[in-house]
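Inspection log for the structure reproduced underneath, given as structure tokens.
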Amino acid sequence: MSTCLACHQTATPVLNFGKMPIANNLLLPEQFNQEYFYDMAIAFCEHCYALQLLNLVEPDVMYHDNYTFFSGLSKNMTLHFQDFAKFVQQQYLAKEAKPFVVEVGSNDGILLQNFANQGMHHLGVDPSANVAAIAEQKGVKTLVDFFHEDVADKIIAEHGKADAILGANAICHIDQIGSVAAGVNKLLKPQGVFVFEAPYLGEIIKKTSYDQIYDEHVFFFSLHAVKNLFSQHDLELIDAYAQNVHGGSMRYVLAHKGAYPITDNVINKLEAEKQQGLTQLATFQRFAQNVAHSKQELVKLLTELKAAGKRVVGYAATAKSSTILNYSGIGPDLLSCIYDITPTKQGKFSPGMHIPVKPFDEFHADYPDYALLFAWNHANEIMAKETAFAEQGGKWIVHIPEVQILDLVTQ
Ligand code: TYD
């Protein structure tokens with residue numbers, strides 16, 4: 001048993017992954033013997049329905065000046081964030097003469113640049129100085145810090161209150177969530193909105209996408225969990241929209257209690273969550289069994305391909321891949337290397353299992369027999385640009401929703 005990070009009652013452990021490294025911490029051989037590991041596990045709170053990480057890693061071990069994740073590297077995500085900005089502007093900022101928009105965890109400015117480009121008053125908050133510097137180069141003003149209640153006070157003193165506070169795959173990273181909620185409550189104008197997106201628990205359960213579980217993802221949110229968590233700080237869930245990014249996400253819209261009506265979207269989705277079992281401990285115990293099965297299937301397939309003399313590589317050294325590789329014990333013997341477009345990942349080795357990470361030139365020059373698609377959430381974008389791989393006989397392996405070799409011809 002452990003204490004729930006959201007409501008401070010008792011949460012029940014449901015799945016232990018064993019020793020895990022920091023998912024975005026790609027490293028050089030001279031760093032192998034000082035690598036940081038922790039015991040990764042998740043727990044479900046039957047009181048407020050928050051599925052959450054246990055044994056948290058200190059934030060500054062994950063977010064620092066050498067942070068390797070840059071949101072702006074995916075074209076689809078760039079388009080997605082244009083839509084996100086348009087949604088907020090049209091729905092909630094149209095009547096404001098000079099709106100002020102704040103983003104929690106603004107990374108390289110991929111979302112806020114859409115407001116900054118129009119000369120709109122904005123401020124990003126992000127703890128990693130290196131990604132914040134890229135945002136600044138794009139004209140996105142960024143405060144290098146973790147967002148919490150004191151930072152909200154500081155922003156109010158310097159800029160006034162916000163019309164919109166945004167978050168994209170960042171709110172679910174924060175264990176001190178109570179301080180974030182209190183900060184949002186203070187910083188938001190009476191008619192302001194707090195709009196954030198996060199990978200959706202309903203999709204994780206449906207797809208057995210256990211690779212969403214790693215050190216940075218503290219919460220795996222559902223509408224139930226979001227509603228219960230923020231209502232402790234007088235914020236109300238007023239709307240919700242499913243999003244087709246990060247393997248299935250949800251966009252949550254919150255506001256001060258009573259400021260806006262609660263939409264049918266919220267009411268219907270809450271009911272659907274009950275039907276799916278997202279308020280039941282048994283659902284997560286079943287999920288744990290499905291995860292163990294997925295691991296067995298993947299190891300079996302890679303072992304068979306190796307025995308058949310096939311060359312198998314990984315496609316994209318995602319944070320998600322760290323969970324799959326370490327939990328399944330898949331190393332360079334089964335997966336010769338991983339290709340990735342991020343310059344700061346290339347030439348390094350994957351966390352924990354130490355598989356070499358390489359730039360794509362070699363992939364294109366000498367296609368392997370199989371590529372395991374770790375960035376399965378970007379499948380459309382990737383398949384569209386890698387048609388030659390399949391045309392030359394290369395095959396994709398995916399593990400979501402089940403481990404399989406894709407037959408692109410019959411798809
Ligand atoms: P994402 O699914 O956002 O990863 P994470 O699990 O880390 O949140 O994918 C980003 C990673 O995938 C990043 O390392 C870059 C890599 N990538 C490629 O190598 N090629 C591509 O075409 C795309 C879209 C991503």
Side-chain angles (χ1 to χ4, degrees), residues 5-6 13-18 20-25 38 40-44 49-57 62 68-69 71 74 76-77 80 105 107 167-175 177 196-226 242-252 273 276 278 283-284 286-295 298 314-328 330 350-352 372-379 398-403:
L5 293 164
V14 286
L15 172 55
N16 192 316
F17 290 88
M20 285 283 157
I22 302 299
N24 266 317
N25 188 31
Y38 69 104
M40 190 171 91
I42 51 170
F44 178 66
Y49 311 128
L51 185 71
Q52 57 203 269
L53 206 59
L54 290 171
N55 313 325
L56 300 176
V57 174
M62 298 180 283
T68 56
F69 183 82
S71 304
S74 158
N76 275 2
M77 289 310 289
H80 172 75
N107 197 271
N169 309 306
I171 304 301
C172 59
H173 290 209
I174 307 174
D175 61 320
I177 196 77
F196 74 91
E197 292 185 359
Y200 181 53
L201 181 62
E203 293 291 325
I204 296 174
I205 297 300
K206 197 157 77 186
K207 297 180 173 135
T208 316
S209 44
Y210 71 91
D211 53 353
Q212 295 284 7
I213 303 168
Y214 55 89
D215 52 285
E216 294 180 16
H217 290 175
V218 175
F219 289 106
F220 309 93
F221 283 133
S222 62
L223 270 78
H224 275 90
V226 166
Q243 302 295 316
N244 192 20
V245 292
H246 281 296
S249 297
M250 191 62 73
R251 178 179 299 163
Y252 301 97
E273 287 189 348
Q276 197 191 347
L278 298 188
T283 303
F284 302 98
R286 262 197 313 276
F287 171 68
Q289 289 165 3
N290 294 341
V291 170
H293 177 73
S294 176
K295 161 185 168 168
L298 184 61
Y315 195 105
T318 57
K320 293 186 287 294
S321 69
S322 173
T323 298
I324 303 171
L325 296 169
N326 286 282
Y327 172 63
S328 309
I330 297 168
S350 74
L372 173 50
L373 184 57
F374 288 126
W376 55 270
N377 45 313
H378 298 289
V398 289
H399 70 105
I400 301 291
E402 58 196 32
V403 174

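Note that the structure is predicted; figures quoted are calculated from it, not measured.
- Side chains of His293 and Glu402: no donor on one and acceptor on the other come within 3.5 Å.
- The minimum heavy-atom distance linking Phe287 with Thr208 is given by the pair CE1-CA, 3.9 Å.
- A donor-acceptor contact shorter than 3.5 Å links the side chain of Gln52 to the backbone of Leu5.
- One distance of note links CG of Asp215 with CE of Met20; it measures 10.0 Å at 0.5 Å rounding.
- With Tyr210 as reference, Tyr327 is the one residue of Tyr327, Phe220, Phe284 to meet the ring-ring contact (aromatic ring centres under 6.0 Å, His included) rule.
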CA sep, side-chain torsions, deciding dist, call: Ile204, Leu51, side chain to side chain contact (heavy atoms under 4.5 Å, CB included): CA-CA 11 Å; Ile204 296 174; Leu51 185 71; 6.0 Å; no
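- Side-chain N/O atoms of Asn169 and His246 include a donor and acceptor closer than 3.5 Å.
- For Ser328 (side chain) and Ile324 (main-chain N/O), a donor-acceptor pair under 3.5 Å exists by modelled atom type.
- Rounding to the nearest 0.5 Å places OH of Tyr200 at 15.5 Å from CZ of Arg251.
- Asn55 places no side-chain N or O within 3.5 Å of a backbone atom of Tyr38 that could act as its donor or acceptor partner.
- One finds the CG atom of Leu53 at 6.5 Å from the CE atom of Met40 (value rounded to the nearest 0.5 Å).
- Between the Asn16 side chain and the Ala41 main chain, no donor and acceptor come within less than 3.5 Å of each other.
- In this structure, OH on Tyr214 lies 3.0 Å from NE2 on His217, to the nearest 0.5 angstrom.
- Looking only at atom types and distance, the side chain of Asn244 has no donor-acceptor partner in the side chain of His80 under 3.5 Å away.
- Rounding to the nearest 0.5 angstrom, the gap separating the OG1 atom in Thr318 from the CG atom in Leu325 is 8.0 Å.
- Here the CZ atom belonging to Phe219 is positioned 9.5 Å from the CD1 atom belonging to Ile174, to the nearest 0.5 angstrom.
- A distance-only check finds no donor-acceptor pair linking the side chain of Gln212 to the backbone of Lys320 [under 3.5 Å].
- Proximity of a side-chain donor or acceptor of Ser249 to a complementary backbone N or O of Val245 within less than 3.5 Å is detected.
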